[in-house]
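What you see is a predicted model; the values in this text were computed from it and never measured.
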Amino acid sequence: RFSMVAKAAKNIATLTSASTRLKEYQAKVKAKVQAAAEDVAKQAKKGGLSEESVEAIRKHILGIAS
């Protein structure tokens, strides 16, 4: 019985660790995408695009449906 509990605990720890690493990775990717979207928006404004066009590009990059 103790062996089964120990194996279960080890598997739970492994899953928890993987879940934590996945969440950290997702947060890093999200931050990079948001920074890229903002940079593109700034460059588009400098290039003379309308505010509506800039917002559409930003939403497209972020994957936000209108």
Side-chain angles (χ1 to χ4, degrees):
R1 280 192 161 176
F2 181 76
S3 172
M4 289 175 60
V5 171
K7 285 181 184 179
K10 182 179 178 187
N11 289 335
I12 291 170
T14 301
L15 291 173
T16 302
S17 175
S19 177
T20 301
R21 283 183 278 141
L22 175 62
K23 288 177 185 174
E24 289 172 354
Y25 173 76
Q26 289 172 331
K28 286 179 186 178
V29 169
K30 184 176 181 180
K32 286 181 181 181
V33 169
Q34 287 175 339
E38 293 304 317
D39 187 45
V40 168
K42 287 179 188 176
Q43 294 300 321
K45 284 180 187 178
K46 284 183 182 178
L49 286 177
S50 69
E51 189 66 35
E52 294 83 22
S53 296
V54 170
E55 188 62 22
I57 292 169
R58 187 178 139 315
K59 284 183 177 184
H60 184 73
I61 291 171
L62 294 174
I64 299 170
S66 54

Between Ser53 and Ser50: side-chain donor-acceptor atoms closer than 3.5 Å: yes
Quiz: residues 2-14 side-chain donor-acceptor pairs under 3.5 angstrom, not counting sequence neighbours:
unit_1, atom_1, unit_2, atom_2, d
Asn11, ND2, Lys7, O, 3.3
Thr14, OG1, Lys10, O, 3.0

Which atom of Val54 lies closest to which atom of Leu49, heavy atoms considered: CG2-CB, 3.9 Å
Euclidean distance, Ile57 CD1 relative to Leu62 CG, rounded to 0.5 Å: 12.0 Å
Partners meeting side-chain hydrogen bond (donor to acceptor under 3.5 Å, both in side chains) with Glu38 (sequence neighbours left out): Arg58
Pairs touching residues 15-33 that satisfy salt bridge (Lys or Arg N to Asp or Glu O under 4.0 Å), sequence neighbours left out: none
CG on Leu22 to CG on Leu15, rounded to 0.5 Å: 12.0 Å
